[in-house]
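Structure first, then comments.
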Amino acid sequence: MTDQTHPLTGSALARLFSDPEISGEAVAFSLPGGATLYDSGEAADHLYFVRAGRLAAIRHEEGMDPHFLGIIRPGEPVGEMAMIAGTHHSAKVVALRDTEILALPRAAFFQAADRDSRVMVELARLMILRTRQSAAKLSVGDPSVFGFIGLTRDLKLMPQVQALAHAIRRLGYTVTVVGAEAQTASPEWFSNTELRHDFVLYVAEAKAHGWKAVVGRQSDRLFLVARGETEPNLTEPITLPDPLVTQGLVDLILIQRPVCVRPSGSQAWLDAVEVARLFHIRDKDQAHYERMARHLTGMAVGLVLSGGGARAYAHIGAIKALREHGTPIDYVCGASMGAVIAAALAMDWPDTEIDQRIRKAFVDSSPLDDIDFPMIAMTRGDKVNERLNEHFDNQEIADLWLPFFCVSSNLTAGAYHLHNTGNLRKALRASISLPGILPPVIFNKQVLVDGAVMKNLPADVMRSLHRGPIVAVDVSRARGLSEHDVERPESVWRWLWSGQWRQGPPIVALLMRAATVSTSRDLIASREASDVLVLPNLSNIDIRNWQAFDPAVAAGYAAMREALAKLHHPVTDLRRRPSLSDFSLA
């Protein structure tokens, strides 16, 4: 390793393990790929140093999916913060590939630090750097070595990856593409190649059987690639590295034809291979390669939209402001009405079409005026079902151009339910099923209701799936209910004659507001996961006033413009990782 490739090269920490006075205390060992170095909660009684290979840090929190924290590369210590503080480890660390480790007992480390103050100074600087990067939400320890394995023999994968590499270079990084010619290269060659470039892309065509195994072992994250118009016909078993599969570090890319308007049949591929995420690239479409390049480099922008009844119209204005600003939207999710707006975006509808369809579905007439005898809910839900069917038909989530998910609340399991595959219309119907207002959705014998009940702003869920900057729009933080919102009408007949009944009786506002109030814990989690948190001023808009389209859209537009104006960098750069040239200039 040279001084131009890593800030720890030639450091006191690196020399620490060759110190003759403590060499007898240090232990060298190999950790096979998939093995655990230590688990969260274990005592931090050693300082570890990576000589070769790669480690991954994973955090598991109750009620949440495992959160990938980052990668520890050769020349980096691991477990230093907990060891210095004398606390237990807060995350699990596993080997992504066969890794060589040096371990020094805590007592021996402090003895060495007493003899050479540079050791502690250097470690303190490293910890401060990592803490600052984390506080500034900069990308730390992101994957930089990606493998691409072809699944269909009629796909020439190398040109596709070369196009991705070109898009990555345009973002200001160094990148190299390596094919099967490196199959017999030495481990040192691989290490040197990975040290000299910001990103390394290993490419294995479908026929390159031996090389595919090497690519799987050598990658931080793996992409399986196939032609989108073909059906999966995997006559040969796909052997994937267990560490990558277990930690959710295997994705699927489907290359669509240049004339493809919308993908189809993608769910069959998800059923055939075990992957964490699905991406579509339209062949020869530069914008699609640029979007994928942002995903690889941690610059892709994720947009999170909260629930909030009619106030969710503000999301449409926020999207318009983002697009006018030139900010790309690469990953989108939502809860409740926010899920509906997010789905409209994932359908690749332009602003005018989103505006027209939402007006038709929710503004022209109330979606909640099919009042029913309140045995299970106050409405039958027929009008909502009809409108979802009209605008989303039988669209599958897997066939959306943009990666998308929404959440509902599982009252059977007592947790949120993630909808990232399956029928889009059914997922949205579950996500907007306000308890007491719309009948719940039964899915695999589970009772699903509005996503806002348990996860109104799923920014933390987005963070578990997405490494880039996150923009979150929360429309539920506006003024809550007042005593006037829950007053009984003075005259039921006047209430009916005026048409106010179409908004529902006051109990509707009560139920809607109760279902979309975020807890302090959820708000804190969403704020921590978000890089830009937008809170439109919607205090004058009733949560059930479906006619308040224009003022809500205007409020969302104004709030997003104000938030973007405060930024000193483009949204895509908010988590931008440093390049090797940054280290060489430091």
Side-chain angles (χ1 to χ4, degrees), residues 301-325 327 329 332-347 349-364 366-368 406-407 428 431-432 434 450-452 455-459 462 470-481 485 503 509 512-513 515-518 522-523 526-527 530-566 571:
V301 178
L303 180 62
V304 183
L305 306 178
S306 80
R311 291 171 176 170
Y313 292 149
H315 295 318
I316 298 174
I319 291 169
K320 289 180 179 179
L322 275 173
R323 284 175 162 171
E324 285 183 7
H325 190 262
T327 300
I329 301 172
V332 64
C333 74
S336 194
M337 266 298 290
V340 175
I341 308 298
L345 188 59
M347 291 285 287
W349 294 340
D351 290 344
T352 53
E353 187 171 359
I354 293 176
D355 190 295
Q356 292 168 359
R357 286 181 178 271
I358 297 300
R359 282 182 184 273
K360 183 177 181 182
F362 295 95
V363 182
D364 291 349
S366 173
L368 300 176
C406 65
V407 294
L428 295 178
S431 189
I432 63 174
L434 283 158
D450 198 290
K455 189 66 68 174
N456 192 34
L457 187 67
M462 172 70 84
I470 290 176
V471 178
V473 186
D474 189 354
V475 300
S476 69
R477 307 305 299 174
R479 176 188 64 84
L481 295 178
D485 296 317
Q503 293 185 7
M512 292 181 71
R513 182 57 182 167
T516 57
V517 174
S518 300
D522 282 341
L523 183 60
S526 63
R527 285 182 183 275
S530 304
D531 299 281
V532 181
L533 182 62
V534 182
L535 304 172
N537 182 6
L538 301 163
S539 57
N540 294 325
I541 296 176
D542 191 299
I543 198 171
R544 56 192 173 137
N545 184 4
W546 301 104
Q547 304 303 309
F549 183 87
D550 291 322
V553 170
Y557 180 84
M560 181 60 75
R561 280 180 60 93
E562 181 181 356
L564 294 174
K566 294 178 180 178
V571 175

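The chain is numbered in sequence order, starting from 1. All values below come from the heavy atoms of this structure, side chains included, with hydrogens, waters and symmetry mates left out.
- Residues satisfying the side-chain contact (heavy atoms from CB on, under 4.5 Å) test with D351, not counting sequence neighbours, are I319, K320, R323.
- For residues 334-343, there are no salt bridge (Lys or Arg N to Asp or Glu O under 4.0 Å) pairs, not counting sequence neighbours.
- Heavy-atom minimum distance, R311 versus S539: NH2-O, 4.5 Å.
- Between the CG atom in N545 and the CG atom in N540 there is a gap of 11.0 Å [rounded to 0.5 Å].
- Atom NE2 of H325 is separated from atom CE of M560 by 10.0 Å, given to the nearest 0.5 angstrom.
- One finds the CG atom of L345 at 6.5 Å from the CG atom of L303 (value rounded to the nearest 0.5 Å).
- Qualifying side chain to side chain donor-acceptor pair (under 3.5 Å) partners for E562, counting only residues two or more places apart in sequence or in other chains: none.
- Contact annotation: the side chain of V571 never approaches that of D531 to less than 4.5 Å [non-hydrogen atoms, C-beta and beyond].
- Using a 4.5 Å cut-off on side-chain heavy atoms (C-beta onward), V534 and L564 make no contact.
- Atom CG of D355 and atom NZ of K360 lie 14.0 Å apart (nearest 0.5 Å).
- Closest of all the heavy-atom pairs between L428 and A343 is CD1-CB, 3.8 Å.
- The nearest pair of heavy atoms linking G307 to S476 is O-CB, 3.8 Å.
- Side-chain contact between R359 and D550: present, with at least one pair of heavy atoms (C-beta onward) separated by less than 4.5 Å.
- When every heavy atom of P458 is checked against every heavy atom of C333, the shortest pair comes out as CG-SG, 4.0 Å.
- The two atoms that bring A459 and I470 nearest to each other are O-CD1, 3.9 Å, heavy atoms only.
- In plain terms, the two heavy atoms of G302 and M462 that are nearest each other are CA-CE, 4.1 Å.
- Shown here are the ring-ring contact (aromatic ring centres under 6.0 Å, His included) partners of F549, two or more places apart in sequence or in another chain: Y313.
- S431 places a side-chain N or O within donor-acceptor distance of the main-chain N or O of V407, the cut-off being under 3.5 Å.
- No more than 12 heavy-atom neighbours from other residues, nucleotides or ligands sit within 6.0 angstrom of CZ on R561.
- The side-chain contact (heavy atoms from CB on, under 4.5 Å) test applied to S306 returns H315, N456, L457, D474, V475, not counting sequence neighbours.
- The side-chain contact (heavy atoms from CB on, under 4.5 Å) search around A342 returns L305, V332, F404, not counting sequence neighbours.
- Note: I316 CD1 to I358 CD1 = 5.0 Å, rounded to the nearest 0.5 Å.
- Note that CH2 of W546 is 12.0 Å distant from CD1 of I541, once rounded to the nearest 0.5 Å.
- A344 pairs by the side-chain contact (heavy atoms from CB on, under 4.5 Å) definition with W349, I354, not counting sequence neighbours.
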